[in-house]
> 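Before we start, here is the structure in question, set down as structure tokens.
Both ligands and their constituent atoms are indexed starting at 1 by order of listing.
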Amino acid sequence: MNFGQNDSPNEKKPGGDRPKTNFWTPLIIALALVLLFGWIYNMVSNSQYTETSYTDFRTAMEQNQLAEVQYRGNRVYYLTREEAAKPAAQQRACYTGMPGGDWLTVSNELVANGVKVEEQIQEDNSMILMVLYYGITFAILFMFMRTLTKRMSGDGMMGGFGKSKAKVYMEKQTGVTFKDVAGQDEAKESLKEIIDFLHNPQRYTEIGAKLPKGALLVGSPGTGKTLLAKAVAGEADVPFFSISGSDFVEMFVGMGASRVRDLFQQAAKVAPCIIFIDEIDAVGRSRDNRYGSNSEQEQTLNQLLSEIDGFEPSKGIVCLAATNRPEILDKALLRPGRFDRRIIVDRPNYQGRLDTLKVHTRKIKLSEDVDLKKIAQATAGAVGADLANLVNEAALRAVRMGRKAVNQEDLLVSFETVIAGTEKKNTVLTEMEKRLVAYHEVGHALVSALEKHAQPVSKITIVPHTSGALGYTMYLPEEEKFLSTRQELEVELKSLVGGRAAEQLVFGVQTTGASNDLQRATSLARNMVSQYGMSSDLGLMTTATTQNSYLDGTPYMDCSQDTAARVDMEVKKLLDTAFDSALAILKENRALLDEVSEYLLLKETITGEELMAYVNAAREPKEAPVEETAEEAVTEENKEE
Ligand code: ADP
Ligand code: ZN
């Protein structure tokens with residue numbers, strides 16, 4: 001289906017009258033200015049002379065009162081002897097008109113009388129010069145005015161006169177289709193109806209169905225909301241208008257509202273089309289002032305609401321908006337008939353990440369050793385934008401290395417660049433610091449490797465990174481997890497505090513290096529107590545609510561202060577237990593801890609497999625008998641005592 005037929009040829013830019021404002025206004029202004037200059041110049045230059053009658057001139061000539069005479073452009077300019085005697089500044093010349101024929105006789109007479117005579121016969125020349133002069137002035141002025149008006153309307157200042165075409169950005173064809181959007185199947189499914197509607201509005205109007213006016217794309221930054229909106233336009237083959245919510249909010253009061261009006265006017269001209277408003281929370285913020293709205297923003301929002309209500313649905317304008325904070329949006333925006341559809345754009349799961357990697361490596365030369373599955377596995381939690389960035393970094397690295405294709409190492413290294421900042425090889429750690437970092441990281445890794453439920457470690461490194469981490473342990477989830485059991489969370493707690501436990505066990509010191517671990521452990525423990533009902537004291541009662549689950553998901557406490565204090569006690573108890581347990585595990589496996597740490601100090605980076613090799617080697621002689629006979633297990637226990 002092609003909607004191109006209703007498009008008139010001059011709609012490359014939003015608003016067909018935009019070039020008009022940018023061409024005619026400066027033209028007229030420049031012309032007026034040139035004429036004004038010319039007139040003023042004439043006034044000024046003529047005011048130096050007094051106009052006299054021809055008789056006056058004849059009289060002066062016959063009485064021999066003339067000092068100097070100049071003839072130019074059919075005029076005689078003359079200075080009387082009386083004036084010539086005055087100081088130069090006060091001299092005042094006169095002029096009178098005279099045809100060229102007369103001047104011939106007059107000049108002869110004057111020369112005979114010994115008067116100084118000058119003649120400028122450059123009539124034609126001076127005309128050309130004058131035209132040139134005015135022409136150039138005009139051209140310069142015109143250019144100047146034009147850039148000025150362009151810039152002003154770009155900033156929305158000229159727009160103060162009611163036209164604000166700024167920052168609306170229209171693509172006639174986005175060239176993006178659903179094929180370019182990996183994963184997000186549910187979102188695509190809900191958008192399909194909108195596409196169908198844009199293809200075939202009549203089918204819906206005939207049956208009397210209320211047509212969808214808008215949908216709200218909700219999801220974390222970088223999950224592909226803009227991309228999806230573009231793909232909808234691409235699939236429906238309609239123009240795509242996009243504007244960011246923050247563009248509406250302007251310095252000048254009333255600008256936002258007029259911008260909204262403009263946007264919808266422009267869209268109506270090319271309907272059917274898609275209007276995409278990014279970051280709609282910037283305008284759509286609730287008006288109840290809890291989140292600090294203001295009157296300008298309220299005005300803009302009101303205008304937006306009335307435009308959405310106002311447009312004729314059968315015209316085929318669909319308004320898509322994106323936000324990552326749906327909870328702060330004004331209820332009025334979410335009312336039926338407005339952005340009543342909510343389409344969740346999730347962080348991609350393993351398959352989604354793999355597909356995203358595939359989409360982005362389509363145009364990239366990959367060498368044979370590339371295993372995108374491994375990368376997809378390692379990037380749990382990454383959004384589409386991260387993955388796109390990762391692939392690009394890898395390609396850049398391949399070029400830097402002078403290779404013709406991207407290999408697995410490029411991808412792995414750029415993954416670390418994106419996740420942990422680039423490797424900072426020149427940070428010098430003292431020998432002692434290095435030992436501390438190594439034991440700390442091995443502490444994390446060992447605790448989680450030794451606990452059955454923990455995720456295996458994919459890599460441990462003590463090479464400092466620009467993100468500030470002196471070393472880190474990278475966990476590799478075996479499979480996507482949506483539910484965690486209490487045991488799993490407890491193991492996670494243990495391995496989080498494992499770093500600190502190792503420091504304390506081996507060196508008897510506490511360092512600042514563990515602060516991030518401790519924050520994460522504390523917030524995990526707090527969630528366990530306050531949201532997951534996993535404490536013995538408070539039981540199933542939840543004491544915190546997550547507010548904006550699409551951003552950082554910071555929960556806020558909603559309980560009495562007494563209860564909050566009890567929550568704190570429970571959190572502390574969980575952490576203490578985890579720490580004691582981690583300490584015990586490491587004490588028990590002290591030899592292994594030393595062995596792996598020394599190896600890490602030597603190599604700086606070790607893989608998960610290398611670690612597991614150590615762990616398995618250490619475990620075998622101990623555990624094998626336990627499984628075989630109960631008898632031997634007893635002797636084993638006795639030995640330990
Ligand atoms: P948002 O609007 O949600 O912040 P964008 O749509 O601007 O995110 O996404 C930024 C970039 O990330 C896109 O241009 C695209 O390259 C990449 N991207 C995000 N999600 C996907 C996806 N599902 N499939 C392919 N690429 C994606
Ligand atoms: Zn740590």
> Identify, for atom 16 (O) of ligand 1, the protein heavy atom at the shortest distance, and state residue, atom and that distance.
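Ranked first by proximity to atom 16 (O) of ligand 1 is His360 CE1, 3.0 Å.
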> Suppose we measure from atom 18 (N) of ligand 1 to each protein heavy atom; which comes out shortest, and what is that distance?
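Here the closest protein heavy atom is Gly384 C, 3.7 Å.
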> Numbering the atoms of ligand 1 from 1, which are under 4.0 Å from a heavy atom of Asp180?
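Near Asp180, meaning under 4.0 Å from one of its heavy atoms, ligand 1 has 24 (N), 25 (C).
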> Closer than 4.0 angstrom, basic N to acidic O: yes or no for Lys192 and Glu235?
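No, no charged N to carboxylate O under 4.0 Å.
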> Please work out whether any backbone atom (N, CA, C, O) or any side-chain heavy atom from C-beta onward of Val345 is under 4.0 Å from ligand 1, and answer side chain, backbone, both or neither.
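For Val345, no heavy atom sits under 4.0 Å from ligand 1.
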> Which protein non-hydrogen atom lies closest to atom 7 (O) of ligand 1, naming both residue and atom, and how far is it?
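The closest heavy atom on the protein side is Thr226 OG1, 3.5 Å.
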> Within the structure, is a non-hydrogen atom of Gly219 found at a distance of less than 4.0 Å from ligand 1?
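Gly219 does not count as a contact of ligand 1 under the 4.0 Å cut-off.
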> So does Asp180 pair up with Arg362, basic N to acidic O under 4.0 Å?
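Arg362 and Asp180: salt-bridged.
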> Tell me which protein heavy atom sits closest to atom 21 (C) of ligand 1, plus the residue, atom name and distance to 0.1 Å.
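The closest one turns out to be Leu227 CD2, 3.8 Å.
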> Return yes if some donor-acceptor pair links the side-chain N/O of Ser581 with the main-chain N/O of Thr577 below 3.5 Å, else return no.
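Not at all, since once roles are kept as given, no pair shorter than 3.5 Å links the two residues.
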> Are the side chains of Phe415 and Leu411 in contact, using a 4.5 Å heavy-atom criterion?
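No - every pair of side-chain heavy atoms lies 4.5 Å or more apart.
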> Does Glu393 pair with Arg397 as a salt bridge, N-O distance under 4.0 Å?
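Not counted as a salt bridge, because no side-chain N and carboxylate O are separated by less than 4.0 Å.
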> Starting from atom 10 (C) of ligand 1, find the nearest protein heavy-atom neighbour and note its residue, name and distance.
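Protein heavy atom with the smallest distance to atom 10 (C) of ligand 1: Ala385 CB, 3.9 Å.
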> Against heavy atoms of Val181, which atoms of ligand 1 measure under 4.0 Å?
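Those atoms are 23 (N), 24 (N).
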> When you measure from the heavy atoms of Lys230 to every atom of ligand 1, does any distance fall below 4.0 Å?
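It does not, in that no heavy atom of Lys230 comes within the 4.0 Å cut-off of ligand 1.
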> Nearest protein heavy-atom contact for atom 8 (O) of ligand 1: which residue, which atom, what distance?
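Nearest protein contact, heavy atoms only, for atom 8 (O) of ligand 1 is Gly224 N, 3.3 Å.
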> Return the name of the atom in His440, of element N, O or S, nearest to the Zn ion (ligand 2).
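In His440, the heteroatom (N, O or S) nearest the Zn ion (ligand 2) is NE2.
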> Give me the residue, atom name and distance of the protein heavy atom closest to atom 4 (O) of ligand 1.
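The closest heavy atom on the protein side is Gly222 N, 2.8 Å.
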> Side chains of Thr607 and Glu610: is there a donor and an acceptor less than 3.5 Å apart?
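Present: a donor and an acceptor within the cut-off.
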> Take every heavy atom of Leu387, measure it against each atom of ligand 1, and state whether any distance is under 4.0 Å.
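No, that is not the case, since the closest heavy atom of the residue is not under 4.0 Å from the ligand.
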> Can you check whether Ile585 reaches Glu588 side chain to side chain, under 4.5 Å on heavy atoms?
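Counting from C-beta outward, Ile585 and Glu588 never come under 4.5 Å.
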> Quick test of your reading of the model: are Glu307 and Arg338 salt-bridged, counting only N-O distances below 4.0 Å?
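Salt bridge between Glu307 and Arg338, a charged N being under 4.0 Å from a carboxylate O: no.
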> If the cut-off is 4.0 Å to any non-hydrogen atom of Thr356, which atoms of ligand 1 fall inside it?
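Matching atoms, with element in brackets: 24 (N), 25 (C), 26 (N).
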> Looking only at protein heavy atoms, identify the closest one to atom 24 (N) of ligand 1 and say how far it is in Å.
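For this ligand atom, the closest protein heavy atom is Ala182 N, 2.9 Å.
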> Does a salt bridge link Arg590 with Asp594, judged by any charged N lying under 4.0 Å from a carboxylate O?
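Looking at Asp594 together with Arg590, the answer is yes, because their closest N to O distance falls below 4.0 Å.
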> Within a radius of less than 6.0 Å around CD of Glu598, do more than 12 heavy atoms belonging to other residues, nucleotides or ligands occur?
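Result for CD/Glu598: enclosed.
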> Please find the N/O/S atom of Asp517 nearest to the Zn ion (ligand 2) and write down its name.
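For Asp517, the N, O or S atom at the smallest distance from the Zn ion (ligand 2) is OD2.
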> Tell me yes or no: between the side chains of Gln504 and Gln510, is some donor less than 3.5 Å from an acceptor?
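Checked: Gln504/Gln510 side chains pair up, N/O donor to acceptor below 3.5 Å.
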